[in-house]
Amino acid sequence: MADRPGLIGEADGSTLFLDEIGDLPEKLQVHLLRVLDQDGEYQRLGEARTRRSSFRLVAATNRPLSSLKHDLLARFVHRITVPTLDERREDVPLVLDALLRRAAQANAALRERFLAVRHGKIAEARVAPQLATRLLAHHYTHHMRELDRLLWLAIGTSEGEYLTLTPALEAELPERAPSLPQELDAERVTAALAQAGGNRTQAARILGLKNRFALLRLLKKFGLEGSEEGEDG
Amino acid sequence: VSHEGVVLRDAIEEVLAQEVDFALRFYERLFERYPELRPMFHRSSPDAQQRMFTQKLVYLIDFYDDSQRLEQAVREVASTHKSYNVTAEMYGWVGGVLLEVLAEALGPRWDSETASAFEACWAKVSDLVLQHTPA
């Protein structure tokens, strides 16, 4: 058998990143937990000798955390919940820009066509306002992959130097009424929080916001971050 | 491209090539002068808002002489602004701050020709937006 250190052996002295850990079969979760519980001790397949690997474990999943065995989940001390793209649609222009820059890294023609360059540095992406507005209002069900697909559709169907709202995109991005028709000020936000007993999810609903992340940004904007938070749903 | 279009494009390229972030400076001044406008901008994060502002400004200037494209762009903006209760008066506020920040950024390059070109540009764009704002 070839001498293969395996992922855990390779990670010795560094970080092991396991993507989509929520898809890891339960049997493998048990193996991983054993390594973690035994201070990095592991055995290679078909080998009787015990080895040790010292590594930091970082993992990601888009599944509910309940897909992990609870004792394995407990080993993850720091957890970061990243809202879906639909929950942070306000970031769509930035994400679109990043996706376009990444695509353009390997494609000079894309870079020249759709990215403005000033003093040798890439400046802004050339996106027609109609397209930017529709992308901002779109309801994303397939997250980043959906925006990436729409970007490539725009690249493939736009003419000239701007990504535009072509008929193909118009069919995918029907005009929607913006989700926030009313003006919100600090007073209304405070009142909604009071009405919801400090529950930010409920307060967001009262204000007609998409979700509590939108409310959190408002709280930050109005300097109300310290507002007492109740039991959140 | 009209002479006015060339003046606008040269000026905006010069401003955007500067180290100081023009869009950031514009929003800081706008909210300092008109704090009541701040809540209208919460649909986007400040970074995204600034990026979109620059993109729109460059687009409007690039197609300043193309009335069809300008109108298409403006129609979408008008519909969004309507939902935010943007009033005609506010276009004056925004235009005033925009010209002021542009003048500061261009310094001695902000001559009467450049000032007139931007004044005419803002008047044209805001008139178009108001024309296309749904009743």
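A, B, ... follow the sequence lines: proteins, then strands. Residue 1 opens every chain.
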### Query
Nearest 0.5 Å, what's the OG1-CG distance between T114(B) and D111(B)?
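CG of D111(B) is found 3.5 Å from OG1 of T114(B).
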
Rounding to 0.5 Å, atoms CG (L102(B)) and CD1 (I12(B)) come to a distance of 5.5 Å

State whether a side-chain donor-acceptor pair under 3.5 Å links H132(B) with E76(B).
no

When you compare the side chains of Q49(B) and Y27(B), does any donor N or O come within less than 3.5 Å of an acceptor on the partner? yes

Please examine the side chains of L136(A) and M52(B), heavy atoms only from C-beta on, and report whether any two atoms are closer than 4.5 Å. yes

Indicate yes or no: at least one non-hydrogen side-chain atom of F76(A) is less than 4.5 angstrom from one of L57(A).
yes

May I ask you to decide whether [X] forms a salt bridge with [Y], counting only side-chain N to carboxylate O separations under 4.0 Å?
| X | Y | value |
| --- | --- | --- |
| K124(B) | D127(B) | no |
| E172(A) | R149(A) | yes |
| R51(B) | E124(A) | no |

Side chain, backbone, both or neither of A125(A) within contact of chain B (heavy atoms, under 4.5 Å):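 Contact with chain B involves both backbone and side-chain atoms of A125(A).
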
Answer with side chain, backbone, both or neither: which region of A128(A) has an atom nearer than 4.5 Å to a non-hydrogen atom of chain B?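 Both backbone and side chain of A128(A) come within 4.5 Å of chain B.
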
For L173(A), does its backbone N or O pair with a side-chain atom of R134(A) as donor and acceptor, under 3.5 Å? yes

Comparing V58(B), T54(B), V77(B) against chain A, the one with the most heavy-atom pairs below 4.5 Å turns out to be V58(B)

(message) Counting only non-hydrogen atoms closer than 4.5 Å, can you tell me which residues of residues 63-71 of chain A sit against chain B?
(response)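 Listed by number: none.
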
Quick check on the structure: residues of residues 151-166 of chain A within a heavy-atom distance below 4.5 Å of chain B, by number.
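At a heavy-atom separation under 4.5 Å, chain B is reached by Y162(A), T164(A).
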
message = For chain B, which candidate among L131(A), D97(A), V127(A) shows the most heavy-atom pairs at distances under 4.5 Å?
response =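 Heavy-atom pair counts peak at D97(A).
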
So, the part of L60(B) with a heavy atom under 4.5 Å from chain A: the answer is neither

Quick one: which of E104(B), E14(B), E13(B) gives a salt bridge (charged side-chain N to carboxylate O under 4.0 Å, His left out) with R109(B)?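 The residue from E104(B), E14(B), E13(B) that satisfies salt bridge (charged side-chain N to carboxylate O under 4.0 Å, His left out) with R109(B) turns out to be E14(B).
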
Practice problem: Would you please test D86(A) and H139(A) for side chain to side chain donor-acceptor pair (under 3.5 Å) and show each step? | Solution: CA-CA 6 Å; D86(A) 204 55; H139(A) 174 48; 2.8 Å; yes

